[in-house]
Amino acid sequence: MERLKLVLQYFQSNSESISNGICIILALVSVKLYTSFDFNCPCLPQYNKLYSLGVMIVPPIILFFLGVLVNRHAGVMMDEWMRPIGNRSKNPAVVKYLFSSMIQRALLAPMVWILVTLLDGKIFICAFSVSVDPVLFSGFPNNTGLDMIKIMAKVPCKEDIIFRNSSFRKAVSRYVRCYSQAVGWSILLFLIVLGALGRLIKPCFDDHATSLQTRYWSNYLDVEQKLFDETCVLHARDFARKCVVQFFEDMREDTVHSLPHPLFITNSQMEWEDEEDERLHGISKQEQVDQLLNKWYYSKPELDVTRIAHRPRMCVTWKDRDGKTLYSDV
């Protein structure tokens, strides 16, 4: 259970980990779909290869675009690529990094599907049984009245009557399945070797400092987008609350009490309203909101926080009649 909790915490830590988790889930789903898929070869010369290649190619294409769809980096990359420059320059290296990350994750589930189909071999047998030379095997059923191509096209159909009590079909199927598994293991080995070489050789030809900067700013764009969305939700909630309260203001009976002004303001309602007004940042009309969102898209602020860091703060100090400080609020 502890290891499972650690794995879940890893996948919830940031958007990159979440993307990795989604890609792994898609890969497992592709395996589950294939194992539950009932593959029935047409056993016709003109349709065997077309149907088999369709089953081998179409689902990976669907899984690839599904991987692109659920990958958050795809949206961040397109926003960064298509946005106007404004006050912030574009970094092509960041867009390239996001694109590479998105493609690598999106290709995981399709490659798993293709490797599983090759290692299983049924689709390969259906597609290429016609291409096998029957002279290599004994027991060819030549008393059926069918030509050789039609007989070889029926090899994937083990229930066909022409292969009853015949070892020919099993021999051809075993032969083609061996080829299929050889191709599958070769592709898997090539991908593993390519990934290992890429991991080992890339630091030799890549500037580590530049790579570090690219990773930092790609993570920044992701975090900035998430924080902007969260801030918009808070601002919209407070804006809507203000609008609703104003709409029902006439239905509320206000009670006025004459009380002496206290030394300390402890009214929670006033504190809540002050906090709400602070979140609104003086934006009180729809035109102002639209103008602000338009400015964010067309002219994003430059990446410089020195002005905010050195901004003067307002301090409110409460003193008694003798000038002694009683309470100070920043």
Side-chain angles (χ1 to χ4, degrees), residues 2-28 60 63-112 114-115 186-231 296-297 299-310:
E2 294 297 329
R3 292 183 179 180
L4 181 60
K5 289 181 180 179
L6 291 176
V7 172
L8 293 176
Q9 289 176 359
Y10 167 75
F11 286 134
Q12 294 175 354
S13 59
N14 51 54
S15 61
E16 186 172 358
S17 302
I18 294 173
S19 299
N20 291 337
I22 292 175
C23 291
I24 293 174
I25 292 174
L26 285 177
L28 296 176
L63 291 170
F64 172 78
F65 284 105
L66 186 61
V68 173
L69 182 65
V70 301
N71 196 327
R72 180 176 172 83
H73 284 174
V76 176
M77 179 199 67
M78 292 304 299
D79 289 342
E80 179 65 15
W81 184 35
M82 297 299 296
R83 71 170 177 85
I85 295 180
N87 295 329
R88 186 189 302 179
S89 60
K90 292 185 181 182
N91 190 351
V94 175
V95 178
K96 181 181 178 181
Y97 176 83
L98 292 172
F99 178 77
S100 175
S101 176
M102 177 196 67
I103 292 297
Q104 290 177 15
R105 290 181 173 88
L107 284 175
L108 177 61
M111 289 307 302
V112 169
I114 293 174
L115 289 174
S186 300
I187 293 177
L188 182 60
L189 178 62
F190 172 76
L191 293 176
I192 293 175
V193 172
L194 183 65
L197 290 177
R199 179 64 63 89
L200 295 174
I201 296 177
K202 184 179 178 181
C204 300
F205 298 94
D206 194 9
D207 187 1
H208 186 67
T210 304
S211 177
L212 210 60
Q213 293 172 1
T214 302
R215 289 178 56 188
Y216 176 88
W217 290 117
S218 64
N219 291 328
Y220 171 84
L221 291 176
D222 185 22
V223 174
E224 183 189 55
Q225 186 63 40
K226 289 172 63 177
L227 289 176
F228 182 78
D229 294 339
E230 294 173 1
T231 306
W296 173 263
Y297 177 74
S299 182
K300 283 192 175 182
E302 59 178 328
L303 303 176
D304 184 5
V305 295
T306 55
R307 180 176 58 86
I308 300 177
H310 295 88

Side chains of [X] and [Y], heavy atoms from C-beta outward: is any pair under 4.5 Å?
| X | Y | answer |
| --- | --- | --- |
| R199 | K202 | no |
| L26 | V70 | yes |
| L303 | Y220 | yes |
| Q104 | L108 | no |
| V94 | Y216 | no |
| M111 | I187 | yes |

Hey, could you give me the [atom1]/[atom2] distance between [X] and [Y], rounded to the nearest 0.5 Å?
| X | Y | atom1 | atom2 | value |
| --- | --- | --- | --- | --- |
| Q225 | E230 | CD | CD | 11.0 Å |
| S218 | E80 | OG | CD | 10.5 Å |
| L194 | L189 | CG | CG | 11.0 Å |
| I192 | L197 | CD1 | CG | 12.0 Å |
| D207 | Q213 | CG | CD | 8.0 Å |
| L98 | W217 | CG | CH2 | 13.5 Å |

Counting only heavy atoms from other residues, nucleotides and ligands, does the tally under 6.0 Å from [atom1] of [X] exceed 12?
| X | atom1 | value |
| --- | --- | --- |
| K90 | NZ | yes |
| F65 | CZ | no |
| W296 | CH2 | yes |

### Task
Considering only NZ, NE, NH1 and NH2 on the basic side and carboxylate oxygens on the acidic side, decide whether R83 and E224 come within less than 4.0 Å.
no

Compare every heavy atom of [Y] with every heavy atom of [X], then report the nearest pair and how far apart it is.
| X | Y | answer |
| --- | --- | --- |
| V68 | M102 | CG1-SD, 4.0 Å |
| G67 | A106 | C-CB, 4.1 Å |
| A109 | A27 | CB-N, 3.9 Å |
| P110 | P60 | CG-O, 3.3 Å |

### Query
Between T214 (side chain) and T210 (backbone), is there a donor-acceptor pair under 3.5 Å?
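At least one qualifying donor-acceptor pair exists.
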
